[in-house]
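Inspection log for the structure reproduced underneath, given as structure tokens.
Values reported hereafter were calculated over all heavy atoms of this structure, with side chains retained and with hydrogens, waters and symmetry mates removed. Sequential numbering from 1 along the given sequence is applied to the chain's residues. In listed order, ligands and their atoms are each counted from 1.
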Amino acid sequence: MPRKLVAGNWKMHGSLTDNAALLAGVVSGAQGVNCDIAVCVPFPYLSQVQQVLSGTPVRLGAQNLSEHAKGAYTGEVSAAMLKDFACAYVIVGHSERRSLYAESDAQVAAKFVAAQAAGITPILCLGESLQERESGVTEAVVARQLDAVLAVAGIAAFANAVIAYEPVWAIGTGLTATPEQAQAVHAFIRGRLAQHDSAIAANVVIQYGGSMKPGNAAELLSQPDIDGGLIGGAALVAEDFLAICRAA
Ligand code: PGA
């Protein structure tokens, strides 16, 4: 079983002042917690957070990147730029990017490759909408999203990647997948990777995301194929985030 990873996704939240307070709480509580911990922060705060986290066990991540290396892409941020701030992780294909910014499976795959090429571990988000779940196509959707990356990056790339299963209907809604629902999709994802390479599949971290909170984290994290969490709302409160880390 891989070591668990709990990553905060701050989304578009924060200020210099708020970040300092939140990070002070997270860092002081992170000592001695028996899992990997990361925070994925908005681009303007990479420098601030890098400095605060330096010398601590908490790793830095970003929430998006460009699939391009450089050039005339106004407003975009490259993998090399993230590497300049010692980002260990970058989220790719978050459902908000896919739905609000029309990121395609192919674009997500290109971002995954760009992150890895710079030595940054991508956190690849997969997940179905409520309508897709109700129509019984959850596995087909997750398979399509995963296969798009496998086709471009290959199975070996998953030795240096994290997957986050995030049912869209559970993100920020207070609705959480039941441990059984989440476990079933996690096992499906791991099984699909195992068709290519069973050792890589066994070792890849597959996080659950979608309204994970202190009250439901332990049960979710006790499932055999749930290796951590990608935490939105609860990552903005140090005590809640740390409670989830302790549950892991
Ligand atoms: P949530 O967000 O924990 O607020 O549901 C999770 C995510 O979007 O990564």
Between E239 and R246, does any NZ, NE, NH1 or NH2 come within less than 4.0 Å of an OD or OE carboxylate oxygen? yes
Will you find, in the side chains of N34 and K4, an N or O donor that is under 3.5 Å from an N or O acceptor? no
Give the atoms of ligand 1, by number and element, whose distance to some non-hydrogen atom of H94 is under 4.0 Å. 7 (C), 8 (O), 9 (O)
In terms of its nearest heavy atom to atom 5 (O) of ligand 1, the top option of G232, A234, G172 is G172
Side-chain donor-acceptor contact under 3.5 Å, S54 with Q50: no
Of all the non-hydrogen atoms in the protein, which one sits nearest to atom 7 (C) of ligand 1, and at what distance? E166 OE2, 3.2 Å
Classify the ring geometry between Y73 and H68 as parallel (under 30°), tilted (30 to 60°) or perpendicular (over 60°). parallel
Heteroatom proximity flag, E96 to ligand 1, N/O under 3.5 Å: no
Looking only at N/O atoms, are G233 and ligand 1 under 3.5 Å apart anywhere? yes
Would you check if there is a donor-acceptor pair between the side chains of Q131 and W169 at a distance under 3.5 Å? no
G210 heavy atom under 4.0 Å from ligand 1: yes
Ligand 1 contact on I171 by region, counting heavy-atom pairs under 4.0 Å: both
Check whether any N or O atom of T173, backbone or side chain, sits under 3.5 Å from an N or O atom of ligand 1, and answer yes or no. no
Measuring from non-hydrogen atoms of K213 to any atom of ligand 1, is the shortest distance under 4.0 Å? no
Out of all atoms in ligand 1, which are within 4.0 Å of some heavy atom of K11? Include the element for each. 2 (O), 7 (C), 8 (O)
In this structure, does ligand 1 have an atom that sits under 4.0 Å from one of the heavy atoms of S211? yes
Separation of L221 CG from N216 CG (nearest 0.5 Å): 9.0 Å
Does at least one non-hydrogen atom of A170 fall below 4.0 angstrom from an atom of ligand 1? yes
I'd like to know if the side chain of E166 and the backbone of I171 have a donor-acceptor N/O pair within less than 3.5 Å. no
N-O pairing of D36 and R59 below 4.0 Å: no
